[in-house]
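Notes for the one structure printed next.
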Amino acid sequence: MTSMVGMKDRVLMATIGDEDTITGLLLAGTGHIDPKGKKNFTVVTSKTPVSTIEAAFTEYTERADIAVVLINQHVADQIRPLVEKYQQAFPALLEIPSKDHPYDPSKDSVLKRVKKLSGE
């Protein structure tokens with residue numbers, strides 16, 4: 001169980017997504033670059049290697065300053081085994097739609113776990 005001391009340090013939201021999603025969330029004020037140049041967002045294009053997406057996902061889910069990781073569902077599909085394997089409560093993982101890719105609840109790993117726990 002995570003202590004409350006560790007919880008107060010989790011103040012950032014990280015995002016892995018397409019350019020439109022990242023731009024919108026940066027305009028909403030979620031972007032952060034620390035003094036070492038470490039960002040809390042990753043823009044994914046059709047040319048982004050899967051290894052880059054996996055590295056960003058692993059980094060964001062292991063950082064102690066991140067409370068929530070948002071990932072476009074179509075991007076999560078590219079690293080689905082890694083997303084399915086992630087079981088931690090913090091940072092919370094949320095799959096979100098993008099402008100060009102609608103949300104599909106049947107693919108959402110968090111929703112699948114909730115349904116499984118509730119007996120559906």
Side-chain angles (χ1 to χ4, degrees):
M1 184 174 197
T2 306
S3 71
M4 291 307 288
V5 174
M7 295 299 296
K8 73 178 182 176
D9 297 332
R10 292 188 182 275
V11 296
L12 297 177
M13 180 182 307
T15 310
I16 304 171
D18 59 29
E19 188 174 11
D20 290 335
T21 300
I22 298 295
T23 300
L25 289 167
L26 290 177
L27 288 170
T30 65
H32 182 265
I33 301 176
D34 71 10
K36 295 179 182 177
K38 191 179 287 192
K39 300 183 282 187
N40 68 330
F41 56 91
T42 300
V43 177
V44 177
T45 68
S46 60
K47 296 178 182 177
T48 304
V50 171
S51 61
T52 301
I53 301 167
E54 291 173 338
F57 180 85
T58 301
E59 176 190 341
Y60 297 154
T61 55
E62 292 176 355
R63 280 178 50 179
D65 60 342
I66 294 181
V68 177
V69 176
L70 299 176
I71 185 168
N72 281 136
Q73 192 172 54
H74 74 281
V75 174
D77 287 341
Q78 295 180 53
I79 59 166
R80 183 59 61 194
L82 193 58
V83 171
E84 295 283 340
K85 192 171 112 178
Y86 182 73
Q87 299 287 321
Q88 303 301 314
F90 293 100
L93 175 63
L94 298 172
E95 295 183 33
I96 60 174
S98 70
K99 183 175 80 171
D100 298 325
H101 300 89
Y103 175 75
D104 182 356
S106 68
K107 294 181 180 179
D108 191 322
S109 60
V110 174
L111 191 56
K112 284 180 188 177
R113 263 185 258 135
V114 169
K115 286 183 176 184
K116 183 178 178 182
L117 290 172
S118 66
E120 290 184 35

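- Ion pairing between a basic and an acidic side chain is recognised when a charged N comes within 4.0 Å of a carboxylate O; Asp65 and Arg63 show such pairing.
- Placement of Val43 and Leu27 in two distinct hydrophobic clusters is found when ILVMFWY residues are connected by side-chain heavy-atom separations under 4.5 Å, directly or transitively.
- Residue-environment remark: CD (Glu84) exceeds the threshold of 12 foreign heavy atoms within 6.0 Å.
- To the nearest 0.5 Å, atom NE2 of residue His74 and atom CD1 of residue Ile96 are 10.0 Å apart.
- Across Pro102 and Pro97, no two heavy atoms sit closer than the pair C-CB, 4.2 Å.
- Here the CD1 atom belonging to Ile71 is positioned 8.5 Å from the CG atom belonging to Leu82, to the nearest 0.5 angstrom.
- In this structure, the side chain of Thr48 engages the main chain of Thr45 through a donor-acceptor pair within 3.5 Å.
- One hydrophobic cluster, built from ILVMFWY side chains closer than 4.5 Å, holds both Ile16 and Ile79.
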Practice item. For side-chain contact (heavy atoms from CB on, under 4.5 Å), just list the numbers for Leu93 and Val83, CA-CA rounded to whole Å, side-chain angles, deciding distance to a tenth of an Å, and then say yes or no. Key: CA-CA 9 Å; Leu93 175 63; Val83 171; 3.7 Å; yes
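- By the criterion of side-chain heavy atoms lying less than 4.5 angstrom apart, applied directly or through intervening Ile, Leu, Val, Met, Phe, Trp or Tyr residues, Val75 is not grouped with Ile22; the two fall into different hydrophobic clusters.
- Between atom CZ of residue Phe41 and atom CD1 of residue Ile33 there is a gap of 4.5 Å, rounded to the nearest 0.5 Å.
- Counting only heavy atoms from C-beta outward, the side chains of Lys107 and Asp77 approach each other to under 4.5 Å.
- Summarising the geometry, atom CG belonging to Asp34 is positioned 11.5 Å from atom NZ belonging to Lys39; distances are rounded to the nearest 0.5 Å.
- Under the 4.5 Å side-chain contact rule for hydrophobic residues, Ile66 and Val44 share a cluster.
- Panel note: side chain Asn40, backbone His32; a donor-acceptor pair is recorded below 3.5 Å.
- With hydrogens and angles ignored, the 3.5 Å screen pairs no side-chain donor or acceptor of Gln73 with any backbone N or O of His101.
- Residue Gly31 comes nearest to Leu26 through the heavy atom pair CA-CD2, 3.3 Å, listed as atom of the first residue, atom of the second, then distance.
- Put simply, NZ on Lys47 and OG1 on Thr52 are 14.0 Å apart, with the number rounded to the nearest 0.5 Å.
- Side-chain contact, Asn72 with Ser98: no donor N or O sits under 3.5 Å from an acceptor N or O.
- There is no path of hydrophobic side-chain contacts, each under 4.5 Å, that joins Leu70 to Tyr86.
- Nearest approach of Pro91 to Arg10, heavy atoms of both residues: CD-NH1, 3.5 Å.
- We find the OG1-CG distance between Thr23 and Asp18 to be 8.5 Å, quoted to the nearest 0.5 Å.
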